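Below: one structure, written as structure tokens.
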2 protein chains.
Amino acid sequence: MNGVDPQGTLTQLRALLAQAPLSVDSRLPPERDLCQQLGVSRGELRKALATLEAEGQLWRHVGKGTFIGSRPTESLADLSVTTSRTNPAEVMQTRLLIEPEIARVAALNATAADIAEMRTCMARSRSAATWRQYESWDNRLHRLIAESTRNTLLLAMFDTLNAVRRAVVWGRLRVNRTKPDPGHHSYAEHEEVVAAIADRDMDRAARMMRQHLQTVERKLLNQQQ
Amino acid sequence: MNGVDPQGTLTQLRALLAQAPLSVDSRLPPERDLCQQLGVSRGELRKALATLEAEGQLWRHVGKGTFIGSRPTESLADLSVTTSRTNPAEVMQTRLLIEPEIARVAALNATAADIAEMRTCMARSRSAATWRQYESWDNRLHRLIAESTRNTLLLAMFDTLNAVRRAVVWGRLRVNRTKPDPGHHSYAEHEEVVAAIADRDMDRAARMMRQHLQTVERKLLNQQQ
DNA sequence: ATGCGTACCATTAATTAATTGGTGAATAAT
DNA sequence: ATTATTCACCAATTAATTAATGGTACGCAT
């Protein structure tokens with residue numbers, strides 16, 4: 001039909017994309033509709049689309065459609081997949097990066113009620129009769145710190161990290177002792193973190209949290225031997 | 001029927017679980033089938049099942065079934081829920097906390113190939129003809145930095161954050177200019193981040209990344225006005 | 001030869017139907 | 001009067017079905 005101007009449909013498409021009310025990542029009509037709409041054959045349309053795809057202006061996938069923008073990188077944001085691919089070392093490194101920063105923001109945003117609840121948590125963890133109870137209050141404290149950042153996204157990231165951690169470090173059981181050591185290192189370290197948060201000392205909160213996690217890591221390594 | 005021995009069905013069930021060809025995590029028949037198979041009423045069966053569930057021998061869930069073993073860790077870290085509850089400010093704050101730390105680890109672990117690819121990315125982004133292409137290369141560069149930490153969990157967290165960001169900052173379109181400014185701030189800042197990574201200067205990499213993100217934030221705020 | 005139309009394929013999304021644990025009411029049993 | 005059984009229904013989940021979409025081969029015409 002317009003073999004004399006093989007670039008015609010390509011030009012039409014470019015115009016469509018330029019003037020488009022279609023923003024990025026939006027889907028454009030299926031090929032069968034679009035070729036009728038432009039008055040060209042499907043083959044011709046597909047040639048033009050292939051050119052635009054090669055330029056990176058759009059991307060296509062069978063069953064999904066044709067989309068504006070660049071092909072999204074497949075995110076391994078899936079929890080089960082991540083869990084199976086990571087390892088305790090990665091978990092610890094990630095924790096060591098993120099939780100101190102969380103403590104930093106917590107020092108900025110925690111309310112008096114938050115801090116009071118943290119102290120309650122620590123008292124309960126001190127009087128814990130079993131390791132399970134201790135761990136429960138320990139988890140609660142760490143999450144409380146994340147909550148007091150008043151940042152739901154940050155809290156969600158903390159939860160994700162925590163879920164992966166629990167799934168990965170699952171085989172590590174502490175059954176050797178039935179009662180937590182009253183001189184357990186975490187008691188004093190928790191105190192220091194919470195004190196820094198209460199003092200609104202962001203740097204110190206981050207530093208203390210990092211130190212605490214490093215101690216935990218060291219203990220885990222010793223226990224593993 | 002066997003009211004004289006209310007533990008009868010429980011004993012039967014224990015025997016079934018003990019001799020079971022059913023391994024852990026396997027599903028046992030639905031209640032409606034199982035109660036007929038054991039010759040008891042559904043209510044009686046459910047009492048026995050409740051006991052076993054309390055003991056942690058099995059777990060149940062509506063629509064799924066009854067499974068042997070302990071309940072799998074539930075991850076409430078759902079992406080869509082998070083997206084609906086957060087806002088651009090939270091996204092930016094979280095990004096500002098995490099990405100510099102990622103850059104820090106990248107400075108430690110990036111290979112020469114990684115750094116070469118980062119430079120390719122920057123070159124492509126410089127020669128980008130449209131904002132869409134620029135954004136594509138910008139995203140690619142940031143993810144490349146995350147990849148070069150060689151920490152799959154950290155990469156997954158980055159992807160999660162990125163997915164939320166894209167979903168939240170969705171209305172923000174850059175249509176005012178059709179071509180990226182050759183003096184665009186990001187060019188120089190990207191250079192500095194990559195240079196710090198290439199120099200293995202962890203602190204500088206983190207600092208430069210933080211500075212870059214702050215510039216981006218400032219530009220976004222100006223644009224919003 | 002080239003292009004157009006038709007039909008079909010593999011993959012994905014949307015829709016619908018079955019399945020399943022949880023719960024309350026009516027009824028029978030004791 | 002209390003307890004157990006049966007039935008019906010509910011909310012959540014999964015399985016099955018249908019529709020939609022990009023990719024591709026074949027026949028036909030020009």
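A quick note: this is a predicted structure, and the numbers were derived from the prediction, not measured. What's counted below: heavy atoms across the whole structure, side chains too, no hydrogens, waters or symmetry copies. Each chain gets a letter, A, B and so on, in the order the sequences are listed, and its residues count up from 1.
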* Scan B:Gly65 against the nucleic acid and name what it touches under 4.0 Å (heavy atoms): base, sugar-phosphate only, or nothing. => sugar-phosphate
* Considering the terminal five base pairs at each end of the helix from C:dA1-D:dT30 to C:dT30-D:dA1, what angle separates the two local helix axes, rounded to 10°? -> 20°
* To do: Mind calculating the distance between CZ (A:Arg60) and C1' (D:dG23) to the nearest angstrom?
  => 9 Å
* **Selection from D:dG22, D:dA4, C:dC4 that lies nearest to any side-chain heavy atom of A:Glu44** => C:dC4
* To do: Please answer whether the main-chain N or O of A:Ile145 pairs with a side-chain N or O of A:Thr149 as donor and acceptor at a distance below 3.5 Å.
  => no
* **Any donor-acceptor N/O pair, A:Asp114 side chain to A:Thr111 backbone, under 3.5 Å** => yes
* Please confirm whether B:Arg126 makes a cation-pi placement over B:Tyr187, using NZ or CZ under 6.0 Å from the six-membered ring centre and within 45° of the ring normal. => yes
* Measure distances between side-chain N and O atoms of B:Arg32 and base N and O atoms of C:dG21, and say whether any donor-acceptor pair falls under 3.5 Å. => yes
* For A:Leu45 and C:dG5, what is the distance between atoms CG and C1' respectively, to the nearest whole Å? -> 15 Å
* Asked: Given atom CD of B:Glu53 and atom C1' of C:dG22, what is their separation to the nearest angstrom?
  -> 11 Å
* To do: Given side-chain contact (heavy atoms from CB on, under 4.5 Å), test A:Ser26 with A:Ile68 step by step and report yes or no.
  => CA-CA 6 Å; A:Ser26 67; A:Ile68 301 180; 3.8 Å; yes
* Asked: Are OP1 or OP2 of D:dG22 and a side-chain N or O of A:Arg46 less than 4.0 angstrom apart?
  -> no
* Would you indicate which nucleotide in C:dT20, D:dT5, D:dG22 comes nearest to any side-chain atom of B:Arg27? => C:dT20
* B:Arg42 side chain, from C-beta outward: closest of D:dT24, C:dT23, D:dT14 -> C:dT23
* Asked: Which residue lies toward the 5' end of DNA chain D, B:His61 or B:Ser41, if each is placed at its nearest nucleotide?
  -> B:Ser41
* Asked: What heavy-atom pair brings B:Met209 and B:Ala103 nearest, and what distance separates the two atoms?
  -> CB-CB, 3.9 Å
* How many Å lie between NZ on A:Lys47 and C1' on D:dT24, as a whole number? -> 16 Å
* Gap between atoms CG and C1', on A:Leu49 and D:dT21 respectively (whole Å) -> 13 Å
* **OP1 or OP2 of D:dT21 under 4.0 Å from side-chain N/O of A:Thr66** => no
* Asked: What is the distance from CZ of A:Phe67 to P of D:dA20, rounded to the nearest Å?
  -> 16 Å
* Output the distance between atom CG (B:Leu213) and atom CZ (B:Arg95), rounded to the nearest 0.5 Å. => 5.0 Å
* **Gap between atoms CD and P, on A:Glu31 and C:dA7 respectively (whole Å)** => 18 Å
* Asked: Within this structure, what is the CG-to-C1' distance between B:Leu38 and D:dA4, rounded to whole angstrom?
  -> 17 Å
* State which of D:dT21, C:dT12, C:dG21 makes the closest approach to the side chain of A:Lys64. => C:dT12
* To do: Among B:His142, B:His212, B:Arg104, find the one that has a side-chain hydrogen bond (donor to acceptor under 3.5 Å, both in side chains) with B:Glu99.
  => B:His142
